[in-house]
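Values below: all heavy atoms of this structure, side chains included; hydrogens, waters and symmetry mates excluded. Just so it is clear: chains get the letters A, B, ... in the order the sequence lines come, proteins before strands, and each one is counted from 1.
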Number of protein chains: 2
Amino acid sequence: MALDKQILEQELRTRGYKLTRPRQAVLAVLALGEEHMNPAEIYERARAIYPKLGLVTVYRTLEVLVEIGLIQRVHLDEGCHSYVRSRQGHSHQLVCKECGRVEEFSDCELEEVFKQLTKKTGYAIESHWLELLGRCPTCR
Amino acid sequence: MALDKQILEQELRTRGYKLTRPRQAVLAVLALGEEHMNPAEIYERARAIYPKLGLVTVYRTLEVLVEIGLIQRVHLDEGCHSYVRSRQGHSHQLVCKECGRVEEFSDCELEEVFKQLTKKTGYAIESHWLELLGRCPTCR
DNA sequence: CTCTAATTGAAAATTATCTTCAATACAGTC
DNA sequence: GACTGTATTGAAGATAATTTTCAATTAGAG
């Protein structure tokens with residue numbers, strides 16, 4: 001995953017953002033994680049790397065990364081707003097209830113379902129959000 | 001939809017909850033709405049019916065209703081945590097970005113997708129959440 | 001009608017997130 | 001390697017959302 005951190009860094013730089021130490025710390029944490037983490041968790045872990053880091057910077061960095069599409073928000077019932085590294089362009093998440101591990105997948109066959117719905121309801125479907133909760137192989 | 005309100009009330013009573021005036025006001029608002037509403041919006045509308053209502057009670061009532069399964073949470077990127085009346089047992093939502101109208105549907109063909117994923121990832125899928133965003137016929 | 005436990009609302013507490021602003025550090029230029 | 005303009009940072013305070021506490025009220029069983 002060290003590799004992944006470099007990809008994230010490169011992507012940031014390419015877009016004209018400066019690669020600062022605080023950002024590097026946040027990226028390092030995100031690149032590691034299979035799990036979804038909320039801002040506070042990310043903050044805590046990233047401070048192990050760069051202790052002067054401020055929570056505000058975590059929020060700001062996450063905002064940038066979501067906008068660029070490098071990470072994705074995960075919505076959970078309790079304590080909304082966690083984040084995970086998004087691997088493929090558009091993908092969905094399989095979250096383990098037990099350990100929080102996140103598996104991503106993208107090859108879904110939802111398109112057909114959407115077409116039918118468009119016909120039936122008259123809605124123009126513009127985006128979708130699918131999230132699955134379960135238990136990962138290890139936790140079963 | 002007045003009918004629906006009575007269904008909600010009946011369900012609450014059956015479960016041993018008292019049918020108070022504040023709760024009735026909240027139920028009335030929820031029974032009406034095609035739209036998803038956040039606690040503050042529900043509060044405001046319900047106060048037209050029962051002015052003494054407190055916001056806290058709205059939160060508490062929503063909590064009970066979600067637990068019973070009479071309403072569902074809708075997750076949106078900005079301002080998480082809206083609620084809609086849930087019609088069928090398990091269903092999904094088609095939310096209009098423009099006017100907030102919510103269309104529910106339940107006959108989805110996701111089961112097949114899930115089976116494949118279980119096989120591929122080893123996860124035991126226990127629950128899922130699907131949300132579609134788009135534009136309703138009127139707003140198009 | 002009475003009584004008790006559930007429920008309520010006001011206020012205060014907590015938590016999450018955002019804004020402001022002076023100080024700092026990156027990255028390109030010399 | 002030092003210089004410089006601009007983006008970025010962190011602390012502190014502001015705002016917003018949600019929860020807790022607690023004394024007063026009320027639904028509904030008897």
Side-chain angles (χ1 to χ4, degrees), chain A residues 5-6 8-29 36-68 70-71 73-83, chain B residues 5-6 8-29 36-68 70-71 73-83:
Chain A
K5 184 182 169 230
Q6 286 175 19
L8 286 167
E9 293 185 352
Q10 184 52 47
E11 193 66 27
L12 259 196
R13 260 219 225 79
T14 306
R15 308 253 181 176
Y17 292 97
K18 289 185 179 172
L19 192 59
T20 63
R21 304 246 275 120
R23 277 177 185 161
Q24 286 183 55
V26 172
L27 292 180
V29 171
H36 56 90
M37 290 171 281
N38 61 36
E41 287 164 349
I42 294 168
Y43 173 57
E44 192 156 330
R45 298 194 198 186
R47 279 217 298 181
I49 301 169
Y50 182 69
K52 276 195 285 176
L53 180 68
L55 179 55
V56 209
T57 299
V58 174
Y59 275 99
R60 287 190 278 227
T61 303
L62 291 173
E63 196 183 327
V64 169
L65 293 174
V66 167
E67 197 174 302
I68 294 181
L70 294 175
I71 60 173
R73 254 185 175 164
V74 181
H75 296 274
L76 298 173
D77 264 346
E78 14 58 65
C80 243
H81 293 180
S82 288
Y83 297 83
Chain B
K5 186 184 168 230
Q6 288 175 18
L8 287 168
E9 293 184 351
Q10 184 53 47
E11 193 65 28
L12 259 197
R13 259 218 225 81
T14 305
R15 307 256 180 174
Y17 292 97
K18 288 185 181 174
L19 191 59
T20 62
R21 305 246 274 120
R23 277 178 184 161
Q24 285 184 54
V26 172
L27 292 180
V29 170
H36 57 91
M37 291 171 280
N38 61 37
E41 288 163 349
I42 294 168
Y43 173 57
E44 193 156 328
R45 297 193 199 185
R47 278 218 299 180
I49 301 170
Y50 181 70
K52 277 196 284 175
L53 181 67
L55 179 54
V56 209
T57 299
V58 173
Y59 275 99
R60 286 191 279 227
T61 303
L62 291 174
E63 196 183 328
V64 169
L65 292 174
V66 167
E67 198 174 303
I68 294 182
L70 294 175
I71 61 172
R73 255 186 172 162
V74 181
H75 296 275
L76 299 171
D77 262 346
E78 15 58 64
C80 243
H81 294 180
S82 288
Y83 298 83

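Following rounding to the nearest Å, A:N38 (CG) and C:dT15 (C1') show an atom-to-atom distance of 12 Å. What separates CD of A:E63 from P of C:dC18 is a distance of 7 Å, to the nearest Å. A:R15 places its CZ atom 22 Å from the P atom of C:dC26, with the value rounded to the nearest Å. When rounded to the nearest whole Å, the span between CD of A:E9 and P of C:dC26 equals 13 Å. A:Y43 places its OH atom 16 Å from the P atom of C:dC18, with the value rounded to the nearest Å. Whole-Å rounding puts the A:Q24 CD to D:dA7 P distance at 20 Å. As rounded to whole Å, 16 Å separates atom P of D:dT9 from atom OH of A:Y59. Atom CG in A:L62 sits roughly 14 Å away from atom C1' in C:dC18 (whole-Å rounding).
Distance from the side chain of A:R23 is smallest for D:dT8 among the nucleotides D:dT8, C:dC18, C:dA27. When the nucleotides D:dA17, C:dT8, D:dT9 are ranked by their closest atom to the side chain of B:T20, C:dT8 comes out on top. Nearest to the side-chain atoms of B:R60 among the listed nucleotides C:dT7, D:dT21, D:dT18 stands D:dT21.
A:R21 comes within 4.0 angstrom of the backbone, heavy atoms only, and of no base.
Of all the heavy atoms in A:P39 and A:V58, the pair that sits closest is O-CG1, 3.8 Å.
Atom CD1 in A:I42 sits 9.5 Å away from atom OG1 in A:T61 (nearest 0.5 Å). Taking CZ of B:R60 as the start and CG of B:L55 as the end, the distance is 10.0 Å to the nearest 0.5 Å. For the atom pair CG (A:L65) and CG (A:L8), the distance works out to 7.0 Å, reported to the nearest 0.5 Å. Atom OG1 of A:T57 is separated from atom NZ of A:K52 by 11.5 Å, given to the nearest 0.5 angstrom. A:Q6 contributes atom CD, which lies 11.5 Å from atom CG of A:L27 (distance to the nearest 0.5 angstrom). Expressed to the nearest 0.5 Å, how far CD of B:E63 lies from OH of B:Y83 amounts to 8.5 Å.
Residue pairs meeting the side chain to side chain donor-acceptor pair (under 3.5 Å) criterion with at least one member in residues 15-24 of chain B, sequence neighbours excluded, are B:E11-B:R15.
Under 4.0 Å is where a charged nitrogen must lie from a carboxylate oxygen, and between B:E9 and B:R13 no such pair does.
Residues of residues 46-56 of chain B that place a heavy atom closer than 4.0 Å to DNA chain C, in numerical order, are B:Y50, B:K52, B:L53, B:G54, B:V56.
When the local axes at the two ends of the helix from C:dC1-D:dG30 to C:dC30-D:dG1 are compared, using 5 base pairs at each end, they differ in direction by 40° after rounding to 10°.
Of the two residues contacting DNA chain D, namely B:K18 and A:G16, the nearest-nucleotide position lying further toward the 5' end is that of A:G16.
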